[in-house]
Amino acid sequence: MKPRAAWPVLVKKTKDAADKAQAEVVTAREKLKALLESRQRIQTLYDGYLQKCREAEQTLQTMAVSQSYRAFITQLQELMTRVDNDLNTARLTLQDKQYRFQAAEKKRLQMQTLMDKDLQRVREWRDKREQQ
């Protein structure tokens, strides 16, 4: 009796799938991190321009300057909204990728266990045969 040749192939296939899923999780985390950094930079820019707008209003600068600040602040608010939407999408994508990785890893462990059991049965059969 010999071990089945299919198990190593199946284990390799499921390992490759798990590795691919893990790489996708890493990519999704990096994208989420980049979006968080972008959101922080936009927030810093927004806070700075809001402060400049308030200072311009208090120093009685021209109406055009105040309008420029307000227009830019509005654009930053719209950009923050888009980045927030992208962040929510990235979070959902990351959760999905993590779920897929967990499922792939579970399948890999299952195939590894089946292969190990098959090898154990072969060893037991050989030991029993040698004892006879």
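Hydrogens, waters and symmetry mates are skipped; everything else that's a heavy atom, side chains included, is used.
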Return the [atom1] to [atom2] distance between [X] and [Y], rounded to the nearest 0.5 Å.
X	Y	atom1	atom2	result
Thr93	Lys31	OG1	NZ	6.5 Å
Lys33	Leu36	NZ	CG	10.0 Å
Glu55	Tyr49	CD	OH	12.5 Å
Arg126	Lys2	CZ	NZ	9.5 Å
Trp7	Thr113	CH2	OG1	10.0 Å
Leu87	Met80	CG	CE	12.0 Å

ask   = Can we say Asp16 and Lys12 salt-bridge, meaning some charged N sits less than 4.0 Å from an Asp/Glu carboxylate O?
value =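 Salt bridge present between Asp16 and Lys12.
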Q. Does a salt bridge link Lys15 with Asp19, judged by any charged N lying under 4.0 Å from a carboxylate O?
A.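 Counted as a salt bridge, because a side-chain N and a carboxylate O are separated by less than 4.0 Å.
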Looking only at side-chain N and O atoms, does [Y] offer a donor or acceptor that is under 3.5 Å from a partner on [X]?
X	Y	value
Gln112	Asp116	yes
Gln51	Asp47	no
Gln102	Gln98	no
Arg41	Ser38	yes
Arg39	Gln43	yes

Over all atoms of both residues, closest heavy-atom pair of [X] and [Y]:
X	Y	value
Leu10	Met111	CB-SD, 4.0 Å
Asp118	Arg4	OD2-N, 2.9 Å
Phe101	Ala21	CA-CB, 3.6 Å
Arg108	Thr14	CA-OG1, 3.4 Å
Ile73	Leu50	CD1-CA, 3.6 Å
Ile42	Leu76	CG2-O, 4.0 Å

Next on the checklist: Counting only heavy atoms not in Arg100 (residues, nucleotides, ligands), do more than 12 fall under 6.0 Å from its CZ?
Outcome noted: no
Worksheet item: Just wondering, do Arg91 and Leu32 contact through their side chains at under 4.5 Å, heavy atoms?
Response: yes
Practice prompt. Verify the cluster assignment for Val65 and Leu45: are they in a single hydrophobic cluster under the rule of side-chain heavy atoms below 4.5 Å apart?
Written response: yes
